[in-house]
Amino acid sequence: MEKEKRSSFWLIQFFIGFFVLVFNSTFLWASEPIEKKKIPTAVLSAVEKDSKSLKLIEVYSDLGDGRTKYELRYDDNKGGWIEFDYEENGTLIAKETKITLDQVPPPVINALKLRAPKLKINKDNIEKSERYNRLPNGKTVELIWYEFDESDDLDRGEGKKCDVEVSSDGTSVLFDIETHHK
């Protein structure tokens, strides 16, 4: 019975993660820089609490699935950045942080070694992505994924650039071979 519950939990986590990936990928190419004055008041109020007086670097808006998402990227004062993604109503949907390879947990590294042994990781494009999904019952679930963007996948992509996302426990590995990169 306990094993069945754990299996169901991981299956649900996988599907939620997959949904988030598909949902977020609709915004990937629609990003447009915008001026801070065009950000809704609800988003500005929310980010003021979350950013804690960090210096704003970039602001983008994305339109996908009939909804606008606002991405605000801040200097983290440590040589990296933190990005907050909000819905128009000020709901935080993701927080992405630029990290280094040594900050990636062992289960994620092990999953990469197993599923993509020839992956050449672009060490300048590693992110920790905290994603917040509201369930139909009103509860919010936080999923943590690690993103390895613009890496070279010699296994599947024959040397083409790819983005790889790995769940924090290493059980899910998603590949996106990017045909637009040379």
Q: Determine the minimum heavy-atom distance between G80 and K98, stating which atoms define it.
A: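 Scanning both residues, the minimum pair turns out to be CA-CD, 4.3 Å.
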**Q.** Heavy-atom pair with the smallest gap, counting every atom of G170 and A111
**A.**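 Smallest heavy-atom distance, with atoms named: O-CB, 3.4 Å.
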Side-chain heavy atoms of [X] within contact of [Y], under 4.5 Å:
X    : Y    : result
V164 : L112 : yes
I34  : I39  : yes
N110 : P107 : no
F175 : R115 : yes
P105 : Y146 : yes
L119 : C162 : yes

Short N-O contact, [X] and [Y], less than 4.0 angstrom:
X    : Y    : value
E142 : R134 : no
K69  : E71  : yes
R67  : E87  : yes
E127 : K95  : no

Q: Carefully, step by step, assess V47 and Y70 under the rule side-chain contact (heavy atoms from CB on, under 4.5 Å).
A: CA-CA 10 Å; V47 78; Y70 295 89; over 6 Å; no
Q) Passes salt bridge (charged side-chain N to carboxylate O under 4.0 Å, His left out), E165 versus R131? Steps please. A) CA-CA 13 Å; E165 295 191 19; R131 302 170 185 175; 2.7 Å; yes
(Q) Rounded at 0.5 Å granularity, tell me how far CD1 in I109 sits from CG in L101. (A)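 Taking CD1 in I109 and CG in L101, the distance rounds to 4.5 Å.
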(Q) For the CG atom of N89 and the OG1 atom of T68, what is their distance to the nearest 0.5 Å? (A)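 So the gap between those two atoms works out to 11.5 Å.
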Q.
L92: which residues meet the side-chain contact (heavy atoms from CB on, under 4.5 Å) condition with it, sequence neighbours left out?
A.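 Result, side-chain contact (heavy atoms from CB on, under 4.5 Å) vs L92: D50, F84, Y86, Y132.
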Q | Q103 and T100 side chains, donor-acceptor separation under 3.5 Å | A |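 Yes.
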